[in-house]
Amino acid sequence: MSTYSIEEAREIIQGYKGPKIRIMEVCGTHTHEIFKHGIRSLLPENIELISGPGCPVCVTQVGFIDEAVMLATDYHVQVCTFGDLIRVPGTEKSLADIRREGADVKMVYSPLDAVALAVQHPEKEVVFLAVGFETTTPVACLAVKHAMAQGVKNFSVLTANKTMPNAYQALKTSADAFLFPGHVNTITGESVCRDLMEKDGVSGVIAGFTAEELLDALATIVVRIQEGKPFFENCYTRVAKPEGNPKAMAVIDEVMEPCDTQWRGLGIIPGSGLKLREKYAAYDARRKFNLPKIEGKPNPACRCGEVLQGKCKPSDCKVFGKGCTPQHPIGACMVSNEGACSAYFQYGRN
Amino acid sequence: MCVGLAAKVVGLKDGMALVDASGAKREISAELIDDLEPGDYVMVHAGIAIAKIDEEEAV
Amino acid sequence: MEQKVVTLAHGAGGKQTAALIREVFKEHFDNPEFTPDDAAVLNIDGAKIAMSTDGFIVSPFEFNGGNIGKLSICGTVNDLACMGAKPEYMTCAFVIEEGFPLDKLEMIANSMEKTAAEVGVKLVAGDTKVAGKGQVDKVFITTAGIGRLTEGFKTSGAFARPGDQIIVTGDVGRHGCTILLAREDLGIDAEIKSDCAPLWGAVESMIETTRDIHVIRDATRGGVGTVLYEIAAESGVGVRLDASSIPVDPAVQGVCGMLGLDPLYLANEGTMVVIAPKEAAGALLETLKKGKYTKNAAIIGEITEEMTGKVVLTTAIGTQTMLPEPGGELLPRIC
């Protein structure tokens with residue numbers, strides 16, 4: 001239940017007179033909903049919202065797209081992906097580019113649908129592009145488990161899954177308080193965020209996604225920050241329970257193990273990635289097809305990296321809105337609907 | 001990072017749930033939620049239920 | 001990177017479609033009658049007629065609420081109706097894939113006959129081509145039509161004026177949603193029927209109610225959002241929508257929620273955007289609500305002087321936000 005009504009929350013936020021507060025929303029869906037509900041237009045000048053690295057598409061390294069492109073074009077597999085990844089530029093090509101040239105790129109709603117496609121088409125090799133954080137990873141793990149249980153041999157996943165705890169460590173000085181991603185906490189529970197407060201003095205609240213929930217979370221931050229000590233609150237208890245979803249955490253742990261991984265803009269964060277455990281090696285597309293190591297090259301003009309760390313606004317980037325638009329994206333943040341640049345471009349450009 | 005949608009469980013079978021979001025129906029995996037019953041509300045993401053939601057707060 | 005080939009986005013009805021028309025077709029075809037509106041207005045020896053043409057490649061060719069045949073009549077009828085022209089004569093050209101079942105072709109012809117009869121338009125000439133297996137996707141239809149213009153009545157995308165009210169003639173996004181569910185293997189099931197319908201009757205009764213109508217535009221490909229951006233640009237005005245007054249079928253809303261899509265960008269095939277001065281809008285709405293295909297009509301916003309070229313939404317919590325500008329191909333968003 002929310003603490004503040006929409007009216008109360010507005011009053012608290014707009015009445016804030018203290019020193020400047022920098023709030024980072026780490027979740028791309030938050031960025032998107034904040035724009036959609038026009039919430040920025042309510043904020044006084046001394047409250048700044050920074051869009052962080054919480055869009056799986058935006059933080060996925062260029063080399064991952066190159067790997068997917070190579071699988072589809074050189075290994076002739078059917079690449080199954082969420083719609084979000086289709087237009088992300090690789091070093092040379094996006095999945096949309098190669099689909100146009102005849103490669104087999106298929107949009108799916110769920111990784112489980114990709115397993116079903118593999119069953120229906122035993123003549124094809126089906127590879128699912130597994131991106132996402134704790135929210136999306138469990139279903140990818142389930143897909144792998146199902147494939148193994150059903151003896152499906154022509155299915156594998158290309159992993160770029162990431163986890164948030166170590167990323168928070170890399171970001172903790174970027175803002176005064178965080179809007180924690182409600183659906184990640186739905187899986188992980190509250191402990192990660194509590195630890196951040198207790199051990200690192202990082203403040204934040206778990207936020208939901210409706211206008212009412214977002215305003216409630218922002219008002220809670222404004223009130224608590226004036227108390228002058230680190231705080232944590234869960235403003236999304238209707239969905240994100242304190243213990244999270246232990247079964248989902250267990251399935252991640254059963255199928256995947258931590259690894260170092262590269263985040264676009266943040267570099268390599270040790271232990272922040274996930275890869276398939278040895279037991280499931282047969283479902284790891286990199287091993288199955290013996291993919292060479294690919295180092296992608298992002299476009300040097302693009303400042304997505306700094307945008308993702310909250311170091312600059314999308315509109316500070318030289319190519320924003322000029323060379324780089326949702327129609328012709330240069331960086332991943334302009335591609336994904338959740339990307340900070342795309343959201344800035346589509347909803348108002350400042 | 002994660003588009004979620006609240007939906008009502010209208011059927012259950014072999015670890016799968018049929019959910020209804022104001023008339024849009026889809027079969028999703030219910031493996032990660034214990035004790036799900038028809039009439040319950042769940043948060044759906046990419047083809048699975050990630051949480052059960054209290055009914056009066058779902059809509 | 002410069003794109004050198006035609007992409008799906010060029011056909012999605014947004015910015016890139018407009019660019020393709022401007023840079024390729026207008027470049028070569030331009031003349032005084034060349035039009036950005038749905039139909040051209042022509043003067044032949046003093047007789048004023050409207051002329052329009054439209055190609056149909058819908059897959060699947062049968063869908064809940066219609067089929068490619070009904071669609072091919074409605075599309076051209078509605079384009080003419082948008083100019084206030086009574087559809088009189090039509091032609092149709094079929095490109096049929098080798099192996100297409102004859103009974104299906106008959107079904108398509110039957111629904112074309114019925115729809116044409118309802119409107120009172122006559123099919124007067126046609127063409128049939130059969131293409132080899134795989135060269136077309138089952139059946140493509142192109143129709144063209146001419147219509148009689150209503151004396152003294154003229155609408156255009158460039159006629160919207162500040163203060164005008166914006167009406168949609170029905171709930172938005174049903175056709176696009178129907179096709180999306182039928183075409184992509186998204187596994188989503190919903191009782192959604194395409195809004196595919198001929199709207200000359202609706203336009204005729206609007207004209208009988210008042211001639212004080214500035215714009216009538218068919219919100220097909222690209223949806224209501226794209227049409228409003230076009231009108232804002234052509235008229236040099238701004239658009240303000242009230243988010244909570246936009247009619248959307250709950251099931252369409254549910255599907256859009258699952259896929260992260262906006263119903264304002266889904267295609268319609270029997271829903272128009274009508275823009276008229278405040279004094280006329282109420283009467284028009286009343287007329288529409290009595291119509292066969294326009295019972296869910298609603299006033300959804302107004303034309304403004306400020307924010308030229310933009311579509312601004314007043315949200316349910318009273319804040320202002322921009323409607324995203326129409327982009328390329330619709331991609332469901334999941335993560």
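If you're wondering where the values come from, they're calculated on a predicted model, not measured in any experiment. Quick note on labels: first sequence line is chain A, next is B, and so on, each numbered from 1.
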Student: Please list, in residue-number order, every residue in residues 13-24 of chain B that has a heavy atom less than 4.5 Å from any heavy atom of chain A; write 'none' if there are none.
Tutor: none

Student: To the nearest 0.5 angstrom, please state how far the NE2 atom of B/H45 sits from the OG1 atom of A/T29.
Tutor: 8.5 Å

Student: Return the option, out of A/V251, A/L142, A/I187, with the maximum number of heavy-atom pairs under 4.5 Å with chain B.
Tutor: A/L142

Student: Flag yes if more than 12 heavy atoms outside A/K106 fall under 6.0 Å of its NZ atom; otherwise flag no.
Tutor: yes

Student: Let me know if A/V139 has heavy atoms under 4.5 Å from chain B in its side chain, its backbone, both or neither.
Tutor: both

Student: Is the shortest side-chain heavy-atom distance between A/K145 and B/E31 below 4.5 Å?
Tutor: no

Student: Restricting to salt bridge (Lys or Arg N to Asp or Glu O under 4.0 Å), what partner residues turn up for A/E190, sequence neighbours left out?
Tutor: A/R194

Student: Heavy-atom distance under 4.5 Å between the side chains of B/I48 and A/L112, does that happen here?
Tutor: yes

Student: Taking all non-hydrogen atoms of both residues, which atom of A/Y109 and which atom of B/G47 are closest, and how far apart?
Tutor: CE2-N, 3.5 Å

Student: If I compare all heavy atoms of B/R26 with all of A/D113, which pair ends up nearest, and what's the gap?
Tutor: NH2-OD2, 2.5 Å

Student: Could you tell me which of B/D34, B/V42, B/L32, B/I28 has the largest number of non-hydrogen atom pairs under 4.5 Å with chain A?
Tutor: B/L32

Student: Quick one: closest heavy-atom pair of A/P111 and B/A46, and the distance?
Tutor: CD-O, 3.9 Å

Student: Under 4.5 Å between any side-chain heavy atoms of B/I50 and A/H183, yes or no?
Tutor: yes

